[in-house]
Each structure stands twice: as structure tokens, then as C-alpha cells.
Number of protein chains: 2
Amino acid sequence: MEMSYTIKDVAKKANVSVATVSRILNNLPGYSEKTKEKVLQVITEMGYQPNAIARGLINKKTKTLGVLLPAVSDTFASVVLSGIEDMAHDLDYSVMVCNTAKDGIRTMKYLQALREKQVDGIIFISEFFKEEYYNAITAMKLPIVLVSTKSAYDIPFIKVDDEKAVLDGVMYLLERGHRSIGMIAGTKGDTIATIPRIEGYKKALNKQGIAFETKKVVYGDFGFESGIEAAEELLYHNKDVTAIFCSSDEMAAGALSYLYRMSIRVPDEISLVGYDNTKVAEMAIPPLTTVGQPLYEMGKNSVRMLLEREDGQSKSMFMPHKIAERESVKSIDQSTGE
Amino acid sequence: MEMSYTIKDVAKKANVSVATVSRILNNLPGYSEKTKEKVLQVITEMGYQPNAIARGLINKKTKTLGVLLPAVSDTFASVVLSGIEDMAHDLDYSVMVCNTAKDGIRTMKYLQALREKQVDGIIFISEFFKEEYYNAITAMKLPIVLVSTKSAYDIPFIKVDDEKAVLDGVMYLLERGHRSIGMIAGTKGDTIATIPRIEGYKKALNKQGIAFETKKVVYGDFGFESGIEAAEELLYHNKDVTAIFCSSDEMAAGALSYLYRMSIRVPDEISLVGYDNTKVAEMAIPPLTTVGQPLYEMGKNSVRMLLEREDGQSKSMFMPHKIAERESVKSIDQSTGE
DNA sequence: TTGAAAGCGCTAACAG
DNA sequence: CTGTTAGCGCTTTCAA
């Protein structure tokens with residue numbers, strides 16, 4: 001396998017020193033217009049491409065980012081990833097994806113690989129950020145930002161205010177006359193994506209003077225199948241609910257699926273609101289009303305935050321949520337009580 | 001920012017030469033068990049991590065792969081990606097994702113970046129493989145494999161036999177009594193994912209002695225919205241179809257959506273079969289019967305092919321398709337003709 | 001405006 | 001079994 005050209009080859013062919021070629025390549029001062037032209041010409045002639053690895057060895061910059069996410073194939077993360085990728089591309093960075101597959105061991109292994117490969121920063125999406133990770137990342141002194149999650153440490157994050165978002169979502173239902181609202185929450189005990197959301201649900205009810213009932217919240221794992229099961233469980237214990245707030249669109253789709261199977265019409269008999277506003281909400285039948293997170297923008301911003309931090313830590317930021325109204329919610333007439 | 005430790009630091013602290021440390025790190029022979037232990041201990045003590053960049057400069061191997069795909073956030077590609085990622089992880093490779101965003105300029109830019117970053121191979125998913133790409137890749141002498149697409153060049157690919165798959169899918173409908181079957185095809189003129197599929201459709205009809213009618217095939221772009229439009233167009237010109245074969249699950253979901261809006265029941269009035277067997281087929285209401293491609297496996301195999309090719313080109317491979325039967329197809333009674 | 005030379009952190013002969 | 005040394009391809013002083 002014959003070698004590609006190196007800067008040396010270019011220098012020789014252009015009758016200049018490698019230093020000069022390097023300067024030209026990097027737009028540094030220190031050469032005449034004439035040599036520049038000459039060198040550039042030789043470069044195109046030879047089809048020379050600089051070796052980013054050699055460059056990285058000196059600069060200690062690789063122009064690549066590592067992204068850790070729970071599952072590339074889930075709609076949620078893949079939209080964030082797509083925002084990351086787009087922004088990275090604009091800023092001339094590459095992104096390495098690491099599918100942590102909800103398993104901490106793999107995460108640690110990835111962290112190590114990313115460090116060895118000298119990535120310039122890490123974006124960590126949506127999973128619980130363990131102390132172990134914190135220690136590893138602190139040790140490697142790499143900038144990191146958390147997307148759609150946060151931690152007990154001083155690490156910048158970017159997410160929506162879940163409690164507020166759910167509060168708004170449930171208020172939306174309340175304003176439309178619903179009084180018996182169930183909730184399909186995320187993983188039980190999850191301090192980031194479950195507990196604050198239940199809190200939002202409680203607060204909304206409270207605002208309307210409705211008592212919170214434990215049996216009206218059931219737990220899933222954010223996935224489709226768990227939505228099916230959760231809906232079944234919820235309805236089994238609560239024959240009277242007229243609406244369900246779901247903590248992810250996928251779970252809402254699962255609920256929809258269960259209701260369809262049971263021949264319970266949405267939204268005529270039961271209203272549904274999802275969370276995230278991913279493509280699955282658009283594609284659902286009926287299209288799902290959902291509390292939208294600006295996933296793509298969050299992805300974009302995360303790389304901006306990671307890279308634009310001049311020196312110190314960059315600040316965390318909350319992104320606005322927004323209810324996407326579609327067709328899965330019906331207003332019910334309060335006077336009739338049904 | 002203080003530096004991380006280098007192999008030199010380890011060597012010094014362990015009172016050996018860097019060569020010895022290197023040998024130990026790379027499991028090469030040439031040291032006593034005693035020094036090995038000593039060195040390993042020092043390594044953990046210091047928390048030393050080798051620098052893969054420096055390594056790569058010598059080895060000419062970076063243990064990273066580049067993946068070019070049309071959109072990370074589309075279900076199809078993200079499943080393939082997830083297979084790639086898993087297999088790469090098993091083989092200790094990292095993967096860089098490049099979202100080509102259906103635009104050739106970006107693809108060229110990525111190809112260049114991947115080359116500069118010295119990736120060990122490239123996986124190209126599902127898009128049309130232009131001559132321009134071929135030239136660029138040939139110039140960089142990098143192994144490449146195509147997934148779910150193929151080319152006019154001698155480049156290994158991995159895909160299902162689309163013609164055969166569609167033939168089977170349409171036969172499935174035919175066997176269940178359908179005689180007037182419409183098709184929602186992909187991008188018009190696409191020689192990879194559209195023309196062969198239409199061919200399969202034709203052949204199936206032909207087997208049953210049913211005449212092919214141009215007006216019964218309409219084109220989309222594989223996406224959800226295009227499925228809505230295509231279904232509308234198809235039905236407008238063909239009041240009599242009892243079944244529609246769709247060239248992607250997303251388009252089938254679009255069709256489903258349109259039919260729902262029109263209050264046309266699936267599968268009672270119209271049967272639907274999709275293509276791909278992605279999560280959207282599972283989540284649809286009713287769940288979609290679809291011609292499944294082993295997307296995840298294709299992703300896995302692609303990296304195997306890329307990496308395991310001893311020397312020469314590895315062979316292309318066709319993957320088996322399989323019909324996933326769900327609830328979007330009804331058998332119709334031929335004797336009544338309806 | 002230019003070039004020579006010293007590394008970046010590591011591996012791989014080559015000697016001992 | 002171990003160490004010395006010459007690079008990998010590039011950037012960056014320092015001198016000229």
C-alpha cells in the first residue's frame with residue numbers, strides 16, 4: 001500500500017521548507033504571495049491532505065467531540081444527536097458516538113476510549129450521571145456538558161425545566177375540564193426525569209384543588225412497550241380517568257396502542273398528552289398533543305456551550321418547552337361532569 | 001492546565017525504559033513478570049492513559065471508523081447505526097458519524113475530514129453513491145462498504161434483495177385475495193431503492209396474471225409526509241384498490257394517517273404493508289405488517305466486512321428479508337370478489 | 001520572507 | 001530481559 005503524500009513531499013516539490021508549507025496551510029503570516037501560490041498549486045496537484053493525527057499530537061486538539069447517549073436508535077436521543085452533529089459540522093468538528101446501552105460499564109469504557117483518543121470535549125445525553133463518571137471526567141480534565149439531565153456536581157447542563165413543563169402540560173388538561181388525570185411517569189425513582197415531573201403533576205392538581213392520589217401515577221421506562229403496560233395498569237386501578245399525561249411520546253404511543261386494542265377512543269373517551277414532541281407524536285393516530293422539548297436546538301446549543309466556553313465553566317441553561325397541540329385531547333364539558 | 005502523564009513519566013517512575021513500558025502496554029514479549037507488575041502498578045498509581053493520537057501516528061491505524069448517513073434521526077439509518085456502533089465497540093473501534101443531510105457537498109467535505117483524521121474505514125449508508133465519492137475514496141485508498149445501497153463500482157455492499165423482497169410482500173397480498181394493489185414507491189427514478197422494488201411489484205402481479213398499471217404506482221421520498229400525499233394521490237386515481245404496498249414504514253404510517261383522516265378503516269377497507277420493519281411499524285395503529293430488513297444485523301455485518309477483509313476486497317452480501325406479520329392486512333374473500 | 005531543528009507521545013528496530 | 005534511538009507528520013521557536 002503506497003503512502004500518501006506528506007508535508008515534506010509538498011515542500012520538496014515546491015522548493016520551500018516544510019515550515020513555509022505549514023504556515024500557508026495554517027494561514028499564518030510569513031511568506032510572499034508568490035510562494036503561497038506556488039505551494040497551493042503543488043498541493044492541489046499532488047492532492048495532498050494534511051494528517052490531522054500528526055497535527056493533533058502537537059496541538060493537543062483533535063477537533064472531535066465524544067457523545068455518550070443511551071441508544072442512538074431511540075427517537076429522543078437521535079434528534080439531539082442530529083443537532084449536535086449539525087453544529088459540530090458547522091464548527092469543523094467531528095463527533096464520535098458512544099452508545100452506552102444503559103449500562104455503566106460500557107460508559108466507563110467509552111470514557112476511557114474518548115480520553116485516549118484525545119477528544120476535545122464530551123456531551124452526555126439524558127442518562128443519570130454517576131459519581132464514577134464524574135471522577136473519571138474530572139481526572140481527564142475534559143470539558144463536558146450534560147443534555148437533558150443534570151448532576152449533583154458543578155457541571156453545566158442544558159435541559160428544559162421538567163417540573164414546569166409537566167405542570168403546564170397537566171394544566172392544559174385541567175383547563176379543558178379534566179378532573180381525573182392519570183400519569184404515566186418514567187423510571188421509578190429517577191431523580192432527574194421522573195421525580196420532578198411528578199412534582200409538576202402534583203402542583204398542577206394542587207392549583208386546582210384536586211387531591212393527589214398515588215394510584216394515579218404508574219411507572220414505565222420511557223419506551224413504547226412500557227407505555228402499553230402502564231396504561232393497562234393505570235386503567236385497571238382507575239376506571240374514572242378522562243386523561244393521561246405521559247412522560248414520553250413513546251409511552252404515549254404505547255398507551256394509544258393499548259387503548260386502541262381495548263376499543264377506547266382517543267380523545268373521545270380518554271385524552272392523552274405526551275412529552276418530547278418527537279416524530280412519533282406527529283405520526284401517531286390520532287396525532288399526539290405533547291409537551292415539546294427543543295431537542296434539536298438543545299443538541300446544537302450543547303456543542304456551542306462546550307466549545308465557546310472561553311475559560312471557566314460555561315453556565316447551564318434551561319430551554320423553553322412548548323405545548324404542541326394536536327388531536328389527542330378533548331375538552332370536556334364541566335357542567336355535565338363528563 | 002497541567003499535563004497528563006506520558007509514557008516517559010511512567011518509565012521514569014518505574015525505573016525502566018519507555019520501550020519496556022510500551023512492550024507491556026502492547027502485550028509484546030520481552031520483560032520479566034516482576035517488571036511487568038511494577039510497571040502496571042505505577043500505571044494505575046499515576047492513572048496513566050496512553051495517547052492514541054501518538055500511537056496512531058506510528059501505526060497508521062486510528063481504530064476509528066467513519067459512517068456516512070442521510071439523517072441520524074431517521075429510524076431506518078439509526079437502527080443500522082446502532083448495529084454498527086455495537087459491533088465497533090466489540091472490536092474496540094470508535095465511530096464517527098457524519099450526517100450527509102442529503103446533500104453531496106457535505107458528503108465531500110466529510111470524506112475529506114475523515115481522511116485527514118485517518119479513519120481506518122468508511123461505511124456508507126443508504127444514499128446514492130456518486131462517482132465523485134468513488135473518486136475521492138479511491139484516492140484515499142480506504143476500505144469502504146455500502147449498506148443498503150450499491151454502486152456501479154467494485155465496492156462491497158450489504159443489502160437485501162429489494163426486488164425479491166417486494167415480490168414477496170406483494171405476493172403476500174395477492175395470496176390473501178387482493179387483486180387491485182397500489183404501490184407507494186420511493187423517490188422517482190432511484191435506481192437502487194425504487195426501480196428494483198417496482199420491478200418486484202410488477203413481477204408479483206405478473207405471476208398472478210394481473211396487468212400492471214402505471215397509475216397504480218405513486219412516488220414519495222420514504223418519509224412520513226410523503227406517505228400522506230402519496231396515499232391521497234393514489235386513492236384519488238384508483239378508487240378500487242384494496243391494498244397498498246409501501247416502500248418504507250414511514251410512508252406506510254403516512255398512508256395510515258391519511259386513511260384515518262378519511263375514515264377509511266385499515267385493514268377492513270384497505271390493507272397496508274410497509275417496508276423495513278422499524279419501530280414505527282410496531283407502534284402504528286394498527287400495527288403494520290411489513291417486509292423486514294435486518295437493519296441492525298446489517299449494521300453489525302458492515303463493520304465486520306470492513307475490518308475482517310484480510311487483504312483483497314471482501315465480498316458483497318445479500319441479507320434475508322422477512323415478512324413481519326401484524327394487523328394491517330386482511331384476507332379478502334375471493335368468491336364474493338370483495 | 002524563509003529555513004533548520006526541536007519536539008508532540010509513542011513504537012519498533014537494533015544493540016546489548 | 002532491557003535500553004537507546006530513530007522516526008511517524010506536523011507545528012513552532014529561533015536565527016538568518
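By convention in this document, chain letters (A, B, ...) are assigned in the order of the sequence lines, proteins followed by strands, and residues within each chain are numbered from 1.
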(request) For A:D9, answer base if it contacts any base atom (sugar-phosphate contacts may also be present), sugar-phosphate if it contacts only those atoms, and nothing otherwise; contact means non-hydrogen atoms under 4.0 Å. (result)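 The answer is nothing, as A:D9 stays clear of every strand by at least 4.0 Å.
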Listed by chain and number, what are the side-chain contact (heavy atoms from CB on, under 4.5 Å) partners of [X], not counting sequence neighbours?
{"X": "B:A113", "answer": "none"}
{"X": "B:K300", "answer": "B:D86, B:M87, B:Y296, B:E297"}
{"X": "B:D9", "answer": "B:Y5, B:T6, B:M46"}
{"X": "B:S17", "answer": "B:A19, B:T20"}

Side chain to side chain donor-acceptor pair (under 3.5 Å) partners of [X], counting only residues at least two apart:
{"X": "B:T187", "answer": "none"}
{"X": "B:T62", "answer": "B:D120"}
{"X": "A:D276", "answer": "A:Q293"}

Can you tell me the distance, in whole Å, between the [atom1] atom of [X] and the [atom2] atom of [N]?
{"X": "A:K12", "N": "C:dG3", "atom1": "NZ", "atom2": "P", "value": "14 Å"}
{"X": "B:K117", "N": "D:dC8", "atom1": "NZ", "atom2": "P", "value": "24 Å"}
{"X": "B:I24", "N": "D:dC1", "atom1": "CD1", "atom2": "C1'", "value": "11 Å"}
{"X": "B:K8", "N": "D:dA6", "atom1": "NZ", "atom2": "P", "value": "14 Å"}
{"X": "B:I53", "N": "D:dG7", "atom1": "CD1", "atom2": "C1'", "value": "18 Å"}
{"X": "B:Y5", "N": "C:dG9", "atom1": "OH", "atom2": "P", "value": "14 Å"}

(message) According to salt bridge (Lys or Arg N to Asp or Glu O under 4.0 Å), does anything in residues 16-32 of chain A pair up with another residue at least two apart or in another chain? List the pairs.
(response)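 Sorted result for residues 16-32 of chain A: empty, none.
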(message) Is B:S17 close enough to D:dG3 that one of its side-chain N or O atoms is under 4.0 Å from OP1 or OP2 there?
(response)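 Affirmative; the distance criterion is met.
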(request) Please check the phosphate of D:dG9 (OP1 and OP2 only) for any side-chain N or O of B:K60 closer than 4.0 Å. (result)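 The answer is yes; a side-chain N or O of B:K60 sits under 4.0 Å from OP1 or OP2.
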(message) Within residues 30-45 of chain A, which residues have any heavy atom lying less than 4.0 Å from an atom of DNA chain C?
(response)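 The answer is A:G30, A:Y31, A:S32, A:T35.
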(message) Under 4.0 Å between a side-chain nitrogen and a carboxylate oxygen: does that hold for A:K150 and A:D162?
(response)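 Salt bridge: no.
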(message) Tell me every residue that passes ring-ring contact (aromatic ring centres under 6.0 Å, His included) with A:Y133, counting only those two or more places apart in sequence or in another chain.
(response)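 Listed in chain order: A:F124, A:F129.
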(request) Spell out protein contact along nucleotides 11-16 of chain D as letters: B when the base is contacted, S when just the sugar-phosphate is, - when no protein heavy atom is under 4.0 Å; keep the 5' to 3' order. (result) BBB---
(message) What's the angle between the local helix axes at either end of the helix from C:dT1-D:dA16 to C:dG16-D:dC1, using five pairs per end and rounding to 10 degrees?
(response)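 About 40° separates the two local helix axes.
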(message) For B:E127 and B:T100, which I'm curious about, is there any donor-acceptor pair between the side chains at under 3.5 Å?
(response)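 Indeed, the side chains of B:E127 and B:T100 share at least one donor-acceptor pair under 3.5 Å.
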(request) Could you say whether B:L57 or B:N15 is positioned toward the 5' end of DNA chain D, judged by the nucleotide with the nearest heavy atom to each? (result)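 Per heavy-atom nearest nucleotide, the more 5' residue is B:N15.
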